[in-house]
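Single-structure report; data block below.
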Amino acid sequence: IPSNYETSYATRTFIFDNQPPNTAVTLPLDNQAYTGSGSRQVTPIQGTYSDDKAGISSIGISIKRVQDNKCFVIGPGFTAGCPNWVPATVYTSTWSFNTASLSFDSGKYYAISSSGTDVMNNTQTTVSTNTFLYDSTAPAAGVTQPVNGQTYVPGLIIQGTASDPG
């Protein structure tokens with residue numbers, strides 16, 4: 001029997017990660033309307049993420065104007081085909097996108113999707129999407145019957161009009 005055999009063994013520890021991260025859009029809320037002022041502003045776009053193993057590398061969002069299926073590009077606006085991923089700022093378990101470079105059109109629907117890639121280059125395949133209506137035009141209403149200045153007669157039906165383009 002040889003006397004030159006090793007009794008201690010070298011070990012290596014590693015993490016096997018073949019699972020993509022998960023991201024979700026949290027603001028704007030899904031199926032809500034936003035006016036662009038007060039508490040109904042779309043600023044900033046926000047979300048959350050998780051990755052069980054290696055950690056997040058990047059998160060991208062795609063902002064689609066639903067009516068014409070155009071996606072947002074930093075600079076020229078809604079000119080690209082969809083999806084068009086723009087980078088979000090990543091924090092500890094959350095992410096955000098500053099909307100200063102965005103201009104939403106009133107009366108239009110927008111769909112915001114998020115997708116993440118972890119440090120092992122696993123990319124999220126099922127994206128999270130929230131859709132919202134941007135409506136900065138106030139509704140209009142008017143009374144058509146009785147005519148302004150006319151005396152109301154009992155039994156007369158009061159009539160009017162109302163419109164809300166968004």
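Side chains are part of it too, since the values below use all heavy atoms of this structure and drop only hydrogens, waters and symmetry mates. Sequential numbering from 1 along the given sequence is applied to the chain's residues.
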Is there a side-chain contact between [X] and [Y] in this structure, where contact means two heavy atoms from C-beta onward sitting under 4.5 Å apart?
{"X": "N69", "Y": "K64", "result": "yes"}
{"X": "T123", "Y": "S115", "result": "yes"}
{"X": "I45", "Y": "S96", "result": "no"}
{"X": "F104", "Y": "L133", "result": "no"}

* Hey, is K53 close enough to D118 for a salt bridge, meaning N to O under 4.0 Å? ->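 A salt bridge is absent here (no side-chain N lies under 4.0 Å from a carboxylate O).
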
Is there a continuous path of hydrophobic side-chain contacts, each under 4.5 Å between heavy atoms, that joins [X] to [Y]?
{"X": "L29", "Y": "F132", "answer": "yes"}
{"X": "F97", "Y": "V127", "answer": "no"}
{"X": "Y91", "Y": "I56", "answer": "no"}

Quiz item: Heavy-atom count around D52 CG within 6.0 Å, excluding the residue itself: above 12?
Solution: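 For D52, atom CG is not crowded (no more than 12 foreign heavy atoms under 6.0 Å).
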
(message) For D68, I'd like to know if atom CG has over 12 heavy atoms of other residues, nucleotides or ligands within 6.0 Å.
(response)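 Counting other residues, nucleotides and ligands, CG of D68 exceeds 12 neighbours.
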
Taking all non-hydrogen atoms of both residues, which atom of [X] and which atom of [Y] are closest, and how far apart?
{"X": "N122", "Y": "Q19", "value": "ND2-O, 3.5 Å"}
{"X": "A24", "Y": "S128", "value": "CA-OG, 3.3 Å"}
{"X": "N84", "Y": "C71", "value": "CB-CB, 3.8 Å"}
{"X": "A111", "Y": "V66", "value": "N-CG2, 4.0 Å"}

query: Step by step, would you call T23 with T48 a side-chain contact (heavy atoms from CB on, under 4.5 Å)?
result: CA-CA 6 Å; T23 68; T48 60; over 6 Å; no

[atom1]-[atom2] distance between [X] and [Y], expressed to the nearest 0.5 angstrom:
{"X": "D51", "Y": "S93", "atom1": "CG", "atom2": "OG", "value": "12.5 Å"}
{"X": "F72", "Y": "S103", "atom1": "CZ", "atom2": "OG", "value": "9.5 Å"}
{"X": "I112", "Y": "I61", "atom1": "CD1", "atom2": "CD1", "value": "6.0 Å"}
{"X": "Q46", "Y": "T89", "atom1": "CD", "atom2": "OG1", "value": "11.5 Å"}

Determine yes or no for a side-chain-to-main-chain donor-acceptor pair under 3.5 angstrom, with [X] supplying the side chain and [Y] the backbone.
{"X": "N130", "Y": "V25", "answer": "yes"}
{"X": "N98", "Y": "S101", "answer": "no"}
{"X": "Q124", "Y": "G116", "answer": "yes"}

Residue among T94, N22, V90 satisfying side-chain contact (heavy atoms from CB on, under 4.5 Å) with Y49:
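Exactly one candidate clears the test, V90.
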
Might you work through the side-chain hydrogen bond (donor to acceptor under 3.5 Å, both in side chains) test for S62 and S113, ending with a clear yes or no?
CA-CA 5 Å; S62 180; S113 301; 5.6 Å; no

- prompt: Hey, what's the ring geometry for F78 with Y110, parallel, tilted or perpendicular (30° and 60° as the breaks)?
  reply: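 Rings of F78 and Y110: tilted, 30 to 60°.
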
> Going by distance alone, is a donor N or O of one side chain under 3.5 Å from an acceptor N or O of the other, for T43 and T99?
Replying inline: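 Judged by distance alone, the side chains do pair up.
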
